[in-house]
Peer 1: 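Okay, here's the structure, questions in a sec.
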Amino acid sequence: MTNFTAKFSGHQTFPLRYGWLYKYAETDTSKLTNVDELMVEWGVGKNMVEAIKYWARQAGAEQDIGPYSVVHSNDPFLENIESLWIIHWLLCHDHFELTSIKVFFNYYNGLTVDRSVFFDFLQHLFSKQNFIADTKKTQVLKAPSDSSLKKDLGVLFLMYTSSASSKKTEDSFASPLSELGLIKQVDKSSYSCELEERATLSNEVFTFCVLEYFCYLKERNKLARTLAFDSFLMAPGSPARIFRMSQSEVERRLDAVTRLTNGAIGWTDTQGLRQIQITDESVLSKDSNLDFLKKMYK
């Protein structure tokens with residue numbers, strides 16, 4: 001049984017900003033544990049200290065060895081847009097800890113959205129999905145308060161929205177993930193979130209995320225030698241879902257995955273039966289995934 005937790009607070013309503021993950025990764029937080037010390041070290045206020053720590057945990061920057069550590073070693077200031085796609089993946093792929101960001105990129109199917117629509121979607125999802133809480137007693141996870149939901153979804157839009165307007169705000173400059181174009185502002189209150197070609201997403205990053213996804217399934221004993229194409233296209237936690245890709249683009253990307261894994265992962269479309277096939281599970285390990293990611297930066 002998979003248990004869920006809800007984390008709709010902790011960021012103090014601040015979206016992830018340029019430089020924050022770098023600040024955290026460059027700091028020995030085992031020695032600087034006091035908030036006042038971190039305020040001085042990072043040159044920010046108390047609430048921003050909590051926000052930096054929140055986003056560091058969400059992105060895995062607390063781990064000495066992991067995908068973020070590879071990103072930090074090779075592109076510490078996130079100047080390469082491929083690094084931003086990896087950060088996006090790291091923020092979204094563990095969909096068992098629910099946040100507005102993870103719910104949006106793992107469960108929301110609409111091609112347009114506004115804050116009130118997504119707020120209603122969050123409430124409806126909690127009422128119908130019956131997420132089992134990560135507690136000693138099996139119980140259904142309750143939706144956070146309306147206030148917490150509204151603040152958290154506000155961070156989602158601040159962090160990911162690319163505006164069509166020439167008017168720039170402090171947050172629009174400071175939130176790097178808006179560069180990905182996953183959510184686009186149409187007018188004052190509405191947004192577009194269509195399934196589009198992700199031209200700035202490399203095949204190498206997509207392949208890394210596919211490997212990560214299959215490792216994730218393997219760890220939970222949910223990985224078979226074959227996986228239905230439609231399941232990969234729609235399942236929470238899938239790269240196809242998290243990157244909001246069209247079916248035709250996923251097909252093209254899987255061809256690249258086959259090439260980049262030397263056939264260890266492939267896919268077939270035979271008489272309408274489309275399946276992803278794993279022919280060599282040796283590629284599905286955390287160490288080999290990190291090695292693949294390191295090679296991408298060389």
Side-chain angles (χ1 to χ4, degrees), residues 59 67 71 80-95 99-113 117-118 121 125 156-157 159-162 175-186 191-217 222-223 226-261 264-269 272-278 283-284 289 292-293 296:
V71 173
N80 186 336
I81 198 161
E82 291 184 342
S83 299
L84 298 181
W85 283 110
I86 296 169
I87 298 300
H88 170 62
W89 165 258
L90 294 174
L91 294 179
C92 296
H93 75 99
D94 182 8
H95 61 284
T99 67
S100 291
I101 289 172
K102 291 175 181 178
V103 168
F104 183 83
F105 288 105
N106 284 287
Y107 293 96
Y108 187 75
N109 292 323
L111 301 181
T112 60
V113 69
V117 165
F118 189 58
F121 176 82
L125 187 69
L156 161 70
F157 288 103
M159 198 150 111
Y160 279 93
T161 299
S162 58
S175 302
L177 297 182
S178 64
E179 293 185 29
L180 301 180
L182 290 163
I183 303 176
K184 299 176 182 178
Q185 189 162 9
V186 177
Y191 304 84
S192 168
C193 49
E194 296 184 4
L195 307 181
E196 299 179 350
E197 181 179 356
R198 304 303 172 193
T200 59
L201 173 65
S202 71
N203 288 328
E204 287 76 11
V205 170
F206 182 77
T207 299
F208 165 74
C209 295
V210 170
L211 293 170
E212 284 268 290
Y213 175 59
F214 286 147
C215 275
Y216 202 66
L217 295 180
K222 293 182 178 181
L223 181 67
T226 60
L227 179 70
F229 178 90
D230 288 346
S231 176
F232 179 79
L233 192 66
M234 297 300 295
S238 163
R241 179 112 201 183
I242 288 172
F243 296 139
R244 296 191 66 82
M245 305 172 88
S246 67
Q247 177 178 306
S248 59
E249 182 173 10
V250 173
E251 292 172 355
R252 294 195 302 272
R253 296 287 188 164
L254 287 174
D255 288 337
V257 171
T258 301
R259 174 172 51 82
L260 290 169
T261 62
I265 298 174
W267 80 287
T268 59
D269 185 353
L273 180 62
R274 298 183 299 173
Q275 292 182 323
I276 299 171
Q277 298 174 329
I278 301 168
V283 300
L284 303 182
N289 289 359
F292 184 92
L293 187 59
M296 189 198 81

Peer 1: Can you sort out the partners of Tyr160 under ring pair (Phe, Tyr, Trp, His ring centres under 6.0 Å), two or more places apart, ordered by chain and number?
Peer 2: His88, Phe105
Peer 1: Got a donor-acceptor contact below 3.5 angstrom from the Ser192 side chain to the Lys184 backbone?
Peer 2: no
Peer 1: State the CH2-CG distance between Trp85 and Leu177, to the nearest 0.5 angstrom.
Peer 2: 9.5 Å
Peer 1: Going by salt bridge (Lys or Arg N to Asp or Glu O under 4.0 Å), name the residues that satisfy it together with Arg244, two or more places apart in sequence or in a different chain.
Peer 2: none
Peer 1: Measuring from atom SG of Cys209 to atom CG of Leu90, what distance do you get when rounded to the nearest 0.5 angstrom?
Peer 2: 7.5 Å
Peer 1: As an exercise, state the distance from CD1 of Ile278 to CG of Leu217, rounded to the nearest 0.5 Å.
Peer 2: 8.0 Å
Peer 1: Given the rule in the side chain to side chain contact (heavy atoms under 4.5 Å, CB included) test, do Val113 and Phe121 qualify, once you have shown the distances and angles that lead to the verdict?
Peer 2: CA-CA 10 Å; Val113 69; Phe121 176 82; over 6 Å; no
Peer 1: Fit a plane to each ring of His93 and Tyr216, take the angle between them on a 0 to 90° scale, and name the class: parallel (under 30°), tilted (30 to 60°) or perpendicular (over 60°).
Peer 2: perpendicular
Peer 1: With a 4.5 Å limit on heavy-atom distance, are the side chains of Ser178 and Thr161 in contact?
Peer 2: no
Peer 1: After noting the C-alpha distance and the side-chain angles of His95 and Arg241, does the key distance pass the side chain to side chain contact (heavy atoms under 4.5 Å, CB included) rule?
Peer 2: CA-CA 11 Å; His95 61 284; Arg241 179 112 201 183; over 6 Å; no
Peer 1: Under the 3.5 angstrom rule, does the side chain of Asn106 hit a backbone N or O of Cys92 as a donor-acceptor pair?
Peer 2: yes
Peer 1: Is any side-chain heavy atom of Met296 closer than 4.5 Å to a side-chain heavy atom of Ile86?
Peer 2: yes
Peer 1: When you check the gap from the basic side-chain N to the acidic O, do Arg253 and Glu251 get nearer than 4.0 Å?
Peer 2: no
Peer 1: For Met159 and Ile101, which heavy atoms make the closest approach, and how far apart are they?
Peer 2: CE-CD1, 3.5 Å
Peer 1: Kindly indicate whether the side chain of Phe206, heavy atoms from C-beta on, has any atom under 4.5 Å from the side chain of Leu260.
Peer 2: no
Peer 1: Report the C-alpha separation of Val257 and Asn203 in whole Å, then their side-chain angles, then the decisive distance to 0.1 Å, and conclude whether the side chain to side chain contact (heavy atoms under 4.5 Å, CB included) test is met.
Peer 2: CA-CA 7 Å; Val257 171; Asn203 288 328; over 6 Å; no
Peer 1: Less than 4.5 Å apart, side chain to side chain, heavy atoms only: is that true for Phe214 and Val283?
Peer 2: no
Peer 1: Within the structure provided, determine whether Ile183 and Leu156 are in side-chain contact (heavy-atom separation under 4.5 Å).
Peer 2: yes
Peer 1: How far does CZ of Arg198 sit from CG of Leu182, to the nearest 0.5 angstrom?
Peer 2: 5.0 Å
Peer 1: Under the side-chain hydrogen bond (donor to acceptor under 3.5 Å, both in side chains) rule, collect the residues that match up with Gln275, sequence neighbours excluded.
Peer 2: none
Peer 1: By the salt bridge (Lys or Arg N to Asp or Glu O under 4.0 Å) test, which pairs, at least two apart or in different chains, include something from residues 101-111?
Peer 2: Glu97-Lys102
Peer 1: Just jot down the ring pair (Phe, Tyr, Trp, His ring centres under 6.0 Å) partners of Phe292, sequence neighbours excluded, or say none.
Peer 2: none
Peer 1: Report yes or no: does Asp269 contribute a side-chain atom to a donor-acceptor pair with the main-chain N or O of Arg274 at less than 3.5 Å?
Peer 2: no
Peer 1: Atom CD of Gln277 and atom CD1 of Ile265: how far apart are they, to the nearest 0.5 Å?
Peer 2: 11.5 Å
Peer 1: With a 4.5 Å limit on heavy-atom distance, are the side chains of Trp267 and Asp255 in contact?
Peer 2: yes
Peer 1: Quick one: do Arg259 and Thr207 satisfy side chain to side chain contact (heavy atoms under 4.5 Å, CB included)? Show the steps, please.
Peer 2: CA-CA 10 Å; Arg259 174 172 51 82; Thr207 299; over 6 Å; no
Peer 1: Rounded to the nearest 0.5 Å, what's the gap from OG1 on Thr261 to CG on Leu211? Could you check?
Peer 2: 7.0 Å
Peer 1: Do the non-hydrogen side-chain atoms of Thr112 and Val186 ever get within less than 4.5 Å of each other?
Peer 2: no
Peer 1: Kindly write out the residues that satisfy side-chain hydrogen bond (donor to acceptor under 3.5 Å, both in side chains) with Glu194, not counting sequence neighbours, or none if the list is empty.
Peer 2: none
Peer 1: Between Tyr108 and Phe118, how do the two ring planes meet: parallel, tilted or perpendicular, split at 30° and 60°?
Peer 2: perpendicular
Peer 1: Determine whether Tyr213 and Trp89 make a side-chain contact, defined as any pair of heavy atoms from C-beta on separated by less than 4.5 Å.
Peer 2: yes
Peer 1: Might you point out which heavy atoms bring Val250 and Ala240 nearest each other, and give the distance in Å?
Peer 2: CG2-CB, 3.7 Å
